[in-house]
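Given the structure is predicted, the values throughout are model-derived calculations rather than measurements.
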Amino acid sequence: MTIRLLVCDDHEVIRTGLATLLAGTDIEIVGQAASGKEALQLAEQTKPDVVLLDIRMPDEDGLATLDKLRSKAPDSRVVMLSTYDNPTYIARAVALGASDYVLKGSSRDDIIATITAAAEGESPSRSGEFRRISGAMQIRQPIDDDDVPLTQRETQVLRHVALGLSNREIGRSLEISVETVKEHVQNILRKIAVSDRTQAAVWAVRKGLV
C-alpha cells in the first residue's frame, strides 16, 4: 500500500532531505509546503494519508495549523515534526489530535515507522515522550496519596496544566468547556494552596503526577 504524504516545513533543506530519505519506500510525497497556510491549501487539494508538520514556522506555528487541519482534512493523520523533545509541545500536539511526534534527528527507519503507523491508525510508534504524555493526560485513576486533596477530574486537569496547556487546549483534550476548565483550575489552586498555574505545575511534578 502506498502512503500519500504531505510534508510541511519552512526549511527547503529539510523538505529536500525528507524527499531523499523516503525515496524508494512505500511513502509517496504528494506535496511540499513551506508554511502553515500552504499546508492547509495542499491538504485540501491532495487529501494525503499523513501530513508531516513542522511544529515551528514563521507565519503560523504547526500547532495552530494542526488545529485547522482537523476541519480542512479530517481524514488525514498528522505527525508533528520537531527539533525539540519538549513536553509542552507534545502535550499540545496530543490535545489537538496529532497521531505522533517525531524528531528531525530521528533515524530513517524511525521516521518511516512513525509515518506508516500513523497512516494505519496504530498507536504512537515512539516508546518515549509522546506515548508517556498522551497516557498521562488520559489517566483518571485517583492518586493514592493523602496529601493530594483533588478529585479524579481535578487531578487530570492539573496534569494538563503542568504540561503547559492553556484552558482552551485542556478543554479540547478532555472534551469539556473552557468555563468548566477555569472552574477546575480555581478549585485546584485553592485546594493545594498555591496562587498561580506555575506553582501548581511545580506542586504536580513534586507529587509525581506528571
Side-chain angles (χ1 to χ4, degrees), residues 3-16 18-19 22 27-104 106 111 114-126 129-131 133-134 137-138 157 160-161 163-182:
I3 297 169
R4 304 174 75 255
L5 178 72
L6 171 61
V7 175
C8 180
D9 194 291
D10 59 307
H11 292 104
E12 185 178 1
V13 67
I14 297 293
R15 301 194 305 273
T16 304
L18 285 166
L22 298 174
I27 300 170
E28 175 193 359
I29 296 179
V30 296
Q32 295 187 32
S35 67
K37 183 178 179 181
E38 194 176 356
L40 294 171
Q41 292 171 343
L42 285 174
E44 275 194 296
Q45 292 170 12
T46 63
K47 295 181 170 52
D49 299 310
V50 179
V51 179
L52 190 60
L53 182 61
D54 187 13
I55 210 161
R56 292 185 69 173
M57 293 181 290
D59 66 328
E60 180 174 74
D61 71 38
L63 292 167
T65 302
L66 169 60
D67 198 10
K68 293 175 182 176
L69 273 170
R70 302 272 47 84
S71 59
K72 294 283 187 181
D75 295 328
S76 299
R77 307 273 181 172
V78 180
V79 173
M80 303 308 296
L81 180 66
S82 180
T83 307
Y84 309 97
D85 203 354
N86 181 310
T88 298
Y89 285 163
I90 297 171
R92 286 178 169 158
V94 172
L96 291 169
S99 294
D100 212 336
Y101 185 105
V102 67
L103 297 177
K104 292 182 180 180
S106 299
I111 291 172
T114 299
I115 293 168
T116 302
E120 295 175 353
E122 295 177 359
S123 299
S125 57
R126 293 182 69 223
E129 287 295 273
F130 192 95
R131 190 185 293 269
I133 289 172
S134 60
M137 288 167 68
Q138 299 308 317
V157 169
H160 284 66
V161 169
L163 287 165
L165 273 71
S166 67
N167 287 347
R168 178 175 173 272
E169 290 164 337
I170 296 171
R172 181 74 171 270
S173 176
L174 299 179
E175 299 182 341
I176 57 179
S177 71
V178 173
E179 289 71 26
T180 300
V181 175
K182 288 179 181 176

A.B. asks: Go through the structure and list residues passing side-chain hydrogen bond (donor to acceptor under 3.5 Å, both in side chains) with Asp67, not counting sequence neighbours.
C.D. replies: Arg168, Arg172

A.B. asks: If you round to the nearest 0.5 Å, how far is CG of Leu81 from CG of Asp100?
C.D. replies: 11.5 Å

A.B. asks: To the closest 0.5 Å, what do you measure between OG1 (Thr116) and CD1 (Ile27)?
C.D. replies: 4.5 Å

A.B. asks: Grab the two heavy atoms, one from Asp61 and one from Leu63, that are nearest each other, plus how far apart they are.
C.D. replies: OD1-N, 2.9 Å

A.B. asks: Which residue in the set Ile55, Val78, Val79 passes side-chain contact (heavy atoms from CB on, under 4.5 Å) when paired with Tyr101?
C.D. replies: Ile55

A.B. asks: Tell me, please, which residues at least two apart from Lys37 pass salt bridge (charged side-chain N to carboxylate O under 4.0 Å, His left out).
C.D. replies: none

A.B. asks: Please name the pair of heavy atoms, one in Leu66 and one in Leu53, separated by the smallest distance, quoted to 0.1 Å.
C.D. replies: N-CD2, 3.8 Å

A.B. asks: Might you point out which heavy atoms bring Glu44 and Lys47 nearest each other, and give the distance in Å?
C.D. replies: O-NZ, 3.1 Å

A.B. asks: If you round to the nearest 0.5 Å, how far is CD of Glu28 from CG of Asp49?
C.D. replies: 9.5 Å

A.B. asks: Starting at CG of Leu52, measure out to CD1 of Ile115 and round the result to the nearest 0.5 Å.
C.D. replies: 5.0 Å

A.B. asks: Kindly write out the residues that satisfy salt bridge (charged side-chain N to carboxylate O under 4.0 Å, His left out) with Glu169, not counting sequence neighbours, or none if the list is empty.
C.D. replies: Arg92

A.B. asks: Quick one: pull up CG in Leu18 and SG in Cys8 and give me the separation to the nearest 0.5 Å.
C.D. replies: 11.5 Å

A.B. asks: Testing the basics here: between Leu165 and Ala95, what is the closest heavy-atom pair and its distance to 0.1 Å?
C.D. replies: CD2-CB, 3.6 Å

A.B. asks: Quick check: do Arg56 and Tyr84 have side-chain heavy atoms less than 4.5 Å from each other?
C.D. replies: yes

A.B. asks: Report the distance from atom OG of Ser35 to atom CG of Asp54, rounding to the nearest 0.5 Å.
C.D. replies: 11.5 Å

A.B. asks: Output a table of donor-acceptor pairs, distance under 3.5 Å, between side-chain atoms of residues 69-77 and any protein atom two or more places apart or on a different chain; print 'none' if there are none.
C.D. replies:
unit_1 : atom_1 : unit_2 : atom_2 : d
Arg70  : NH2    : Ser76  : O      : 3.0
Ser71  : OG     : Lys68  : O      : 3.0
Ser76  : OG     : Pro48  : O      : 2.6

A.B. asks: Could you tell me which non-hydrogen atom of Ser99 sits nearest to which non-hydrogen atom of Phe130, and how far apart they are?
C.D. replies: O-CE2, 3.6 Å

A.B. asks: So which heavy atom on Ala93 is nearest to which on Met80, and how close?
C.D. replies: CB-CG, 3.8 Å

A.B. asks: Taking side chain as C-beta onward, heavy atoms only, is Asp85 less than 4.5 Å from Ile90?
C.D. replies: yes

A.B. asks: Could you list the residues that satisfy side-chain hydrogen bond (donor to acceptor under 3.5 Å, both in side chains) with Ser177, not counting sequence neighbours?
C.D. replies: Thr180

A.B. asks: Considering only distance and modelled atom types, tabulate donor-acceptor pairs under 3.5 Å from the side chains of residues 9-16, sequence neighbours left out.
C.D. replies:
unit_1 : atom_1 : unit_2 : atom_2 : d
Asp9   : OD1    : His11  : N      : 2.8
Asp9   : OD2    : Lys104 : NZ     : 3.0
Arg15  : NH1    : Asp9   : O      : 2.7
Thr16  : OG1    : Glu12  : O      : 2.9

A.B. asks: Can you tell me if Asn86 uses its side chain to pair, donor with acceptor, with the backbone of Tyr89 under 3.5 Å?
C.D. replies: yes

